[in-house]
Amino acid sequence: MPELPEVETVRRTIWPAIAGRTISEVIVEHPDVVGGGLDAARFAALLCGARFAASRRRGKYLVFELEREVVPVGADGNPCTQAGEGASAPGEPAALPMRLELLVHLRMTGKLACVEPGCADLPHTHLRVRLDNGTELRFADTRRFGRWLILDGRAEAPQGYRELGAEPLEEGFDVEAMRGALAGRYGKLKALLLDQRRIAGIGNIYADEILHRAGLHPERRADDLDSGEIERLWRSTRDVLREAIGKGGTTIRDYVDGRGRRGDFVYSLRVYGRTGELCVTCGRAAVERVVVAGRSTHFCPACQSLPEPAESRP
DNA sequence: TAAATCCTGTCA
DNA sequence: TGACAGGATTTA
């Protein structure tokens with residue numbers, strides 16, 4: 001569900017309620033959501049007493065920077081860090097300022113909400129973070145694909161996070177960066193846009209919308225674009241993502257932001273979910289749905305024509 | 001490069 | 001009842 005614009009919207013709507021707050025209690029209802037090989041008890045112990053110092057977004061990950069005064073000691077007397085990974089040497093002072101990063105990935109159906117303590121739970125609430133003012137940050141996730149991970153400077157970040165590609169809305173992401181992302185790729189454009197190692201944050205909805213706005217067929221070969229096409233793809237990528245953030249993301253079914261609001265970019269979608277409808281851009285053809293890279297893919301055969309293979313050209 | 005996998009819910 | 005859903009990883 002949540003792609004870059006939704007994750008950014010969640011971050012912006014959650015952060016004012018948690019910025020500077022200290023975590024007083026962490027309740028893990030379903031241990032599946034804790035990733036990185038950390039058990040629920042250590043996960044909770046690491047977070048308790050930590051303060052939300054900063055937030056940012058990387059691809060579809062929410063990143064919270066936390067500060068805490070001391071290394072917590074678990075019931076077994078050991079510092080609560082990644083199991084077996086470089087725990088404090090004997091005699092090493094355990095009370096040092098400590099910086100942590102909390103990564104949250106919402107995957108398909110994850111939701112974050114900041115609520116007052118008595119507020120009714122959303123269904124499938126798996127994690128609760130109580131803050132020093134009583135507010136609760138809650139995580140609900142129907143399909144339970146979402147994950148919370150802690151990076152404490154010793155544990156290595158998960159591969160998917162380490163290998164994230166360019167941030168498409170950063171200033172440095174210029175036409176040349178888009179050209180670089182495409183270079184040497186024999187696969188299809190749709191697959192490339194979904195590849196988080198090339199460009200981070202684009203998912204199935206925005207991939208389709210970006211390609212439609214650029215007038216490029218999802219099955220075009222990625223290394224086969226001319227300069228004008230690369231520029232169109234670059235511009236569409238930035239425009240679509242920025243507009244979607246401006247409208248609070250896209251709600252097809254489940255997605256809501258940190259305040260429970262739905263995303264209005266759903267009304268701006270031109271091809272996603274419009275199979276069989278006349279293309280709103282050209283009015284000349286009906287939107288088609290095919291499967292590309294294993295994902296349902298929507299496009300207008302008139303706006304996004306596929307060049308004929310060379311051997312069949314006259 | 002594709003398929004299977006992790007889950008649950010919804011819709012035809 | 002089966003197909004499908006906005007994601008990512010692992011396996012073939």
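Chain letters run A, B, ... following the sequence lines, proteins first and then strands; every chain starts at 1.
Remark: of the listed residues A:E8, A:E3, A:E170, A:E8 is the sole one forming a salt bridge (charged side-chain N to carboxylate O under 4.0 Å, His left out) with A:R57.
Side-chain atoms of A:R144 stay outside donor-acceptor range of the base of B:dC7, with no qualifying N/O pair under 3.5 Å.
Residue A:E3 has its side chain nearest to C:dG7 when only B:dT10, C:dT9, C:dG7 are considered. Out of C:dG6, C:dT10, C:dA8, the shortest distance to the side chain of A:N204 is found at C:dG6. Picking from B:dC7, C:dG6, C:dA8 the nucleotide with the shortest atom distance to the side chain of A:D32 gives B:dC7. Distances from the side chain of A:Y186 to the nucleotides B:dG9, B:dT1, C:dG6 place B:dT1 closest. If you check B:dT1, C:dA5, C:dA8 against the side chain of A:M108, the one that comes closest is C:dA5. Here the side chain of A:R295 is nearest to one of C:dG6, B:dT1, C:dA8, namely C:dG6. Side chain of A:R289, nearest nucleotide from C:dA5, B:dT1, C:dT9: C:dA5.
The environment of A:R235 atom CZ is sparse: at most 12 non-hydrogen atoms of other residues, nucleotides or ligands sit within 6.0 angstrom.
Taking atom CG on A:L149 and atom P on C:dG7, their separation rounds to 18 Å, with Å as the unit. Atom pair A:F139:CZ and B:dC7:C1' shows a separation of 12 Å (rounding to whole Å applied). For the pair A:L194 CG and C:dA8 C1', the computed distance is 11 Å after rounding to whole Å. If you take CZ of A:R107 and C1' of C:dT10, they are 12 Å apart, rounded to a whole angstrom. Rounded to whole angstrom, the span from the CD1 atom of A:I205 across to the P atom of C:dG7 amounts to 7 Å. Counting to the nearest Å, the P atom of C:dG6 and the NZ atom of A:K111 are 15 Å from each other. Rounded to an integer number of Å, the gap from CG of A:L269 to P of C:dA5 is 15 Å. Atom pair A:L241:CG and C:dG6:P shows a separation of 17 Å (rounding to whole Å applied).
Distances shown here put every side-chain N or O of A:Q159 at or beyond 4.0 Å from the OP1 or OP2 atom of C:dT9. Residue A:H105 places at least one side-chain N or O under 4.0 Å from the OP1 or OP2 atom of C:dA8. The phosphate of C:dA5 has neither OP1 nor OP2 within less than 4.0 Å of any side-chain N or O from A:T142. Distances shown here put a side-chain N or O of A:Y272 below 4.0 Å from the OP1 or OP2 atom of C:dG6. Distances shown here put a side-chain N or O of A:H124 below 4.0 Å from the OP1 or OP2 atom of B:dG9.
Distance check on atom C1': C:dA3 versus B:dA4 gives 16 Å, rounded to whole Å. For the P atom pair drawn from B:dG9 and C:dA8, the interatomic distance equals 22 Å after rounding to whole Å. As rounded to the nearest Å, B:dC7 and C:dT11 have P atoms that lie 16 Å from one another. When the C1' atom is used for both B:dT1 and C:dG6, the distance is 22 Å, rounded to whole Å.
A:C279 and A:V287 make their closest contact through CA-CG2, 4.3 Å (heavy atoms, listed as atom of the first residue, atom of the second, distance). Residues A:F52 and A:L131 share a closest heavy-atom pair of CE1-CD2, 3.9 Å.
Aromatic ring centres of A:F299 and A:H217: separated by under 6.0 Å.
Remark: ring of A:F145 does not overlap the six-membered base ring of C:dA8 in a stacked fashion, as centroids less than 5.5 Å apart with planes less than 30° apart are not both met.
When both distances must be under 3.5 Å, the Watson-Crick or G-U wobble mate of C:dG6 does not exist. Of all nucleotides present, none satisfies the Watson-Crick or G-U wobble test against B:dC7 with each distance under 3.5 Å.
With the nearest nucleotide of DNA chain C identified for both A:R143 and A:G160, A:R143 has the one nearer the 5' end.
Ion pairing between A:D195 and A:R185 holds under the 4.0 Å rule for side-chain N and carboxylate O.
Counting non-hydrogen atoms under 4.0 angstrom, A:G146 reaches nothing in the nucleic acid.
A:Y61 and A:L102 sit in two unconnected hydrophobic clusters of ILVMFWY residues. Membership requires side-chain heavy atoms under 4.5 Å apart, directly or through other members.
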